[in-house]
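Heads up: numbering here begins at 1 and tracks the sequence. Whatever order the structure lists ligands and atoms in, that order sets their numbers, starting from 1.
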Amino acid sequence: MGKADLHIHTNASDGDLSPEDLIKKVAQKGLKTISITDHDTIKGYELARDLAEENEIELIPGVEISTVWNNREIHVLAYAFDEEDDGFLKLIHNQKNARRKRMKAIVEVLKSEGLDIDYEEVRAESHPGNIGRPHAASVLINKGYVASVSEAFIRYLSTEKIKDIKTEYADVDDVISTVHKAGGVMSIAHPGPLYSQDEVKELLRHSFDGIECIHPSHSYKVQKIFLDLARANNLLVTGGSDFHGSRKSDYDPYLGVVTIGNQFVEALKRSARSKKMMIHQ
Ligand code: AMP
Ligand code: FE
Ligand code: FE
Ligand code: ZN
């Protein structure tokens, strides 16, 4: 039975590989089903579609969306939506603008700390895709302020001042209802290291369809906790490697290693099909 990876990034957001190179790598790893879940964009998915088909790799529409929940930023995963749905496209468009505005504010904070950096330099690193802090990290590395991405995050990009920046990311419930209206399903991304048990309970009061049980940041024990939780709450199980390309992430060895079984993909597709049937009734 084929293995699936439902959490992968390309250079359409903060990954290093082009969508085409990613598909080649995925083919080498022997994965049968993947989802490209770039941050707040489906450009990578769109560019990968033809090559995926040629290589007989099933490509499920996906995106990792930055949302606001209880005044904090959380990542959620949307799958198997109609990628031409107007409401969905509007959401993605707004998120792109929210990212740009946030990066301008981040650059102002860095400048106030005495760093020589401007927005255009960060934007150039993000070409052709959605902008994010890893692109600012690249600028800081190129200028010799830090030696690595993780040092950039620790010293400059996840400080209290940066966390205090108010974003225009969509509210989590608005994202869930927009994706549902586009016939898609929603999963809570990598909950393991991020939320307390009470917070997970609170999150499950929202209309999520699934939970990302399998992720490189989850130990076997944590995986089991979330698999049990999914079963008890009749939720879909999602998972994947969170691959970003070679340079930017600790998770990169896990492409083709951290995977989920096809039965979970089939359940996800069934759920999305029934959402679409409800819409078209
Ligand atoms: P942003 O989308 O601008 O909020 O940036 C978040 C992204 O930066 C995440 O999706 C990761 O890819 C990356 N990231 C977050 N924290 C770190 C870290 N400590 N070291 C390296 N990359 C990180
Ligand atoms: Fe990322
Ligand atoms: Fe994430
Ligand atoms: Zn991710």
Ligand 1-proximal atoms of R102, by part, heavy-atom distance under 4.0 Å: side chain
Metal site the Fe ion (ligand 3): N/O/S of E64 inside 2.8 Å: yes
Angular separation of H75 ND1 and H190 NE2 about the Fe ion (ligand 3), given to 10°: 110°
Presence of N, O or S from H190 under 2.8 Å of the Zn ion (ligand 4): no
N/O/S atom of H244 inside 2.8 Å of the Zn ion (ligand 4), strictly under: no
Any N or O of H39 closer than 3.5 Å to N or O of ligand 1: yes
Test of proximity, S150 against ligand 1: N or O pairs below 3.5 Å: no
For [X], atoms of ligand 1 separated by under 4.0 Å from a heavy atom:
| X | answer |
| --- | --- |
| V149 | 21 (C), 22 (N) |
| P134 | 5 (O), 7 (C), 8 (O), 13 (C) |
| G132 | 3 (O) |

Residue-ligand contact E64/ligand 1, heavy atom below 4.0 Å: no
R99 heavy atom under 4.0 Å from ligand 1: yes
Heavy-atom closest pair, residues I74 and V172: CD1-CG2, 4.2 Å
Neighbour count above 12 (heavy atom, 6.0 Å) for K181 NZ: no
CZ (R231) with more than 12 external heavy atoms under 6.0 Å: no
Charged N to carboxylate O under 4.0 angstrom, [X] versus [Y]?
| X | Y | result |
| --- | --- | --- |
| E120 | R123 | yes |
| D21 | K25 | no |
| K269 | E266 | yes |
| D164 | K161 | no |

Mutual orientation of the aromatic rings belonging to H39 and H244 [parallel < 30°, tilted 30-60°, perpendicular > 60°]: tilted
Atom name of the N, O or S atom in E64 that lies nearest to the Zn ion (ligand 4): OE1
D242: its N/O/S atom lying closest to the Zn ion (ligand 4) (atom name): OD1
Test salt bridge (Lys or Arg N to Asp or Glu O under 4.0 Å) applied to K29 and D5, step by step: CA-CA 11 Å; K29 300 275 178 189; D5 185 337; over 6 Å; no
